[in-house]
Amino acid sequence: MANSVWSEKILQLLRRMNNFSVPGSCRANCFRFEIDGAQVGWIPPHVAALLSRYPDVFSPPHGGAVSLCPSLDSYGRRSEAVDAVLQTLRQEGSLTCLKGWRDEKYSVMAKFSDPPLMWMERAATSLFGVKRYGVHINGYTVSDSGEVSMWLARRSPTKQTYPGLLDNVAAGGLAAGVGIKHTLVKECEEEACIPAAIAEKARPVTTVSYTYVDEGEVFAECQFAFDLELPLDFKPIVGDGEVQDFYLLPIDKVKELVATDDFKPNCAMVVLDFLIRHSFIEPDTEPCYQEFVAGLHQTLE
């Protein structure tokens, strides 16, 4: 793939994953989702219309915002009331995302450093545009001669999302009340059979943030990225069935693959960040270097 073609493919990926912020997106029509005066997400108009049927939980749209009713004044009350609404909508079957119900609780807060205001079923978060957090691990090796290779996973063909696409060696969403390092060790063990003694050596390196719209839903996400140098004689093994295989590939091949449709988009972004940080992409030779860096770290105001 020619350098200019590769660069354009990467720019297309970053534009797609940040399309909520571009002029003409549905953002102008979305309602702010507020809890106790704090904005925690963005609600598309068709979702706001459904929520208006539950006035004891959601206040009517006012001043461009949909709020939880003030009477829901605690973490538990908010969580239970919203979950009851979502369970009803799930039974109606009109919202496609709720057909992928996971029974996973995600924290809802304005900023990651803030105390959670409630929890929400993972499958419903895109209806409210609340920020979802995850942990992604770049598993790589360095040969005796200094050559870097990366372990990639091929997602199971039965995965709910992005079946069969390339992924990081391990990754997972951050559930409510669960720590980042704990999630990292758990995902490494479950997905790739990486022992805790090895996984705990992973280094936190950055976050990758983006917000995109897909089929009328808002996906606001932030991934905590870790680098984990794996022993040369170690091979990941398929664990919980979320992965069908693992591949150890030269870094040039990995760089080529991130610009293809064979890669899960947000995982391609995490790998792109690795390539930049480890100087496999440099500003003297990549004209779009600055755009790449900016596209990986888009914060939503």
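Side chains are part of it too, since the values below use all heavy atoms of this structure and drop only hydrogens, waters and symmetry mates.
Taking 4.5 Å as the limit, some side-chain heavy atom of Ile281 sits within range of a side-chain heavy atom of Leu272. Residues Thr260 and Lys9 fail the side-chain proximity criterion, which asks for heavy atoms closer than 4.5 Å. Side-chain atoms of Met150 and Leu249, non-hydrogen and from C-beta on, never get closer than 4.5 Å to each other. For the pair Val208/His136, no side-chain contact is recorded, criterion being any heavy-atom separation below 4.5 Å from C-beta on.
Lys159 pairs by the salt bridge (charged side-chain N to carboxylate O under 4.0 Å, His left out) definition with Glu242, not counting sequence neighbours. Considering only residues two or more places apart in sequence or on other chains, Arg155 meets the side chain to side chain donor-acceptor pair (under 3.5 Å) condition with Thr161, Asp167. Scanning for side chain to side chain donor-acceptor pair (under 3.5 Å) contacts around Lys105 gives an empty result, with sequence neighbours left out. Every residue meeting the side chain to side chain contact (heavy atoms under 4.5 Å, CB included) condition with Gln298, not counting sequence neighbours, appears here in chain and number order: Asn18, Ala294. In terms of the side chain to side chain contact (heavy atoms under 4.5 Å, CB included) criterion, residue partners of Asn29 (sequence neighbours excluded) are, by chain and number, Pro45.
Residues Val148 and Leu228 fall into different hydrophobic clusters, defined by Ile, Leu, Val, Met, Phe, Trp and Tyr side chains chained together at heavy-atom separations under 4.5 Å. Hydrophobic clustering (side-chain heavy atoms under 4.5 Å, transitive across Ile, Leu, Val, Met, Phe, Trp, Tyr) groups Phe274 together with Trp6. Hydrophobic cluster membership is shared by Leu51 and Leu98, with clusters built from Ile, Leu, Val, Met, Phe, Trp and Tyr side chains linked at under 4.5 angstrom. Cluster membership check: Tyr140 does not share its hydrophobic cluster with Val243, using side-chain heavy-atom separations under 4.5 Å among Ile, Leu, Val, Met, Phe, Trp and Tyr. Under the 4.5 Å side-chain heavy-atom criterion for grouping Ile, Leu, Val, Met, Phe, Trp and Tyr, Val270 is not connected to Phe226 through any hydrophobic cluster.
Pairs of residues two or more places apart, or lying in two chains, that qualify as ring pair (Phe, Tyr, Trp, His ring centres under 6.0 Å) and include a residue from residues 174-215 are Tyr212-Phe219. The salt bridge (Lys or Arg N to Asp or Glu O under 4.0 Å) contacts involving residues 67-77 comprise Asp73-Arg77, where partners must be two or more places apart or lie in separate chains. Pairs passing the salt bridge (Lys or Arg N to Asp or Glu O under 4.0 Å) check and including a residue from residues 51-61, sequence neighbours excluded, read Arg53-Glu92. Listed by first and then second residue, the ring pair (Phe, Tyr, Trp, His ring centres under 6.0 Å) pairs involving residues 233-261 amount to none (not counting sequence neighbours).
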Would you tabulate the side-chain donor-acceptor contacts of residues 60-68 under 3.5 Å, counting partners in other chains and residues two or more places apart, or write 'none'?
none

Contacts table for residues 108-122: side-chain donor-acceptor under 3.5 angstrom, sequence neighbours left out:
from   : atom 1 : to     : atom 2 : distance (Å)
Asp114 : OD2    : Lys111 : N      : 3.2
Glu121 : OE1    : Trp101 : NE1    : 3.4
Glu121 : OE1    : Asp103 : N      : 3.0
Glu121 : OE1    : Glu104 : N      : 3.3
Glu121 : OE2    : Arg102 : N      : 2.8
Glu121 : OE2    : Ala123 : N      : 3.0
Arg122 : NE     : Tyr106 : OH     : 3.2
Arg122 : NH1    : Glu104 : OE1    : 3.1
Arg122 : NH1    : Tyr106 : OH     : 3.3

Quick one: side chains of residues 185-194, donor-acceptor pairs under 3.5 Å with protein atoms, not counting sequence neighbours, listed by atom name and distance.
from   : atom 1 : to     : atom 2 : distance (Å)
Glu191 : OE1    : Ala171 : N      : 3.2

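Taking the six-membered ring where the residue is Trp, Phe58 and Phe33 present tilted rings, their angle falling between 30° and 60°.
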Would Arg154 and Asp262 count as a salt bridge (Lys or Arg N to Asp or Glu O under 4.0 Å) here? Give the steps. CA-CA 9 Å; Arg154 173 76 67 185; Asp262 200 27; 2.7 Å; yes

Decide side chain to side chain contact (heavy atoms under 4.5 Å, CB included) for Asp273 and Met269; before the verdict, give the C-alpha distance in whole Å, the side-chain angles of both, and the deciding distance to 0.1 Å. CA-CA 6 Å; Asp273 178 82; Met269 293 175 73; over 6 Å; no

Give the intermediate values and the outcome of side chain to side chain contact (heavy atoms under 4.5 Å, CB included) for residues Val40 and Phe128. CA-CA 8 Å; Val40 295; Phe128 295 82; over 6 Å; no

Side chain to side chain contact (heavy atoms under 4.5 Å, CB included), that's the test. Do Leu14 and Glu291 meet it? Break it down for me. CA-CA 9 Å; Leu14 296 174; Glu291 289 90 336; 5.9 Å; no

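Residue Glu8 places its CD atom among more than 12 non-hydrogen atoms of other residues, nucleotides or ligands, all under 6.0 Å distant. Within 6.0 Å of atom NZ in Lys201, 12 or fewer heavy atoms from other residues, nucleotides or ligands are found, so the atom counts as exposed in its surroundings. Within 6.0 Å of CG on Asp245 lie more than 12 heavy atoms contributed by other residues, nucleotides or ligands.
Side-chain atoms of Asp227 do not come within 3.5 Å of backbone N or O of Arg203 as any donor-acceptor pair. Under the 3.5 Å distance criterion, the side-chain polar atoms of Arg27 are left unmatched by any main-chain donor or acceptor of Phe20.
Note on Arg16 versus Asp214: no salt bridge recorded, every NZ/NE/NH1/NH2 to OD/OE distance being 4.0 Å or above.
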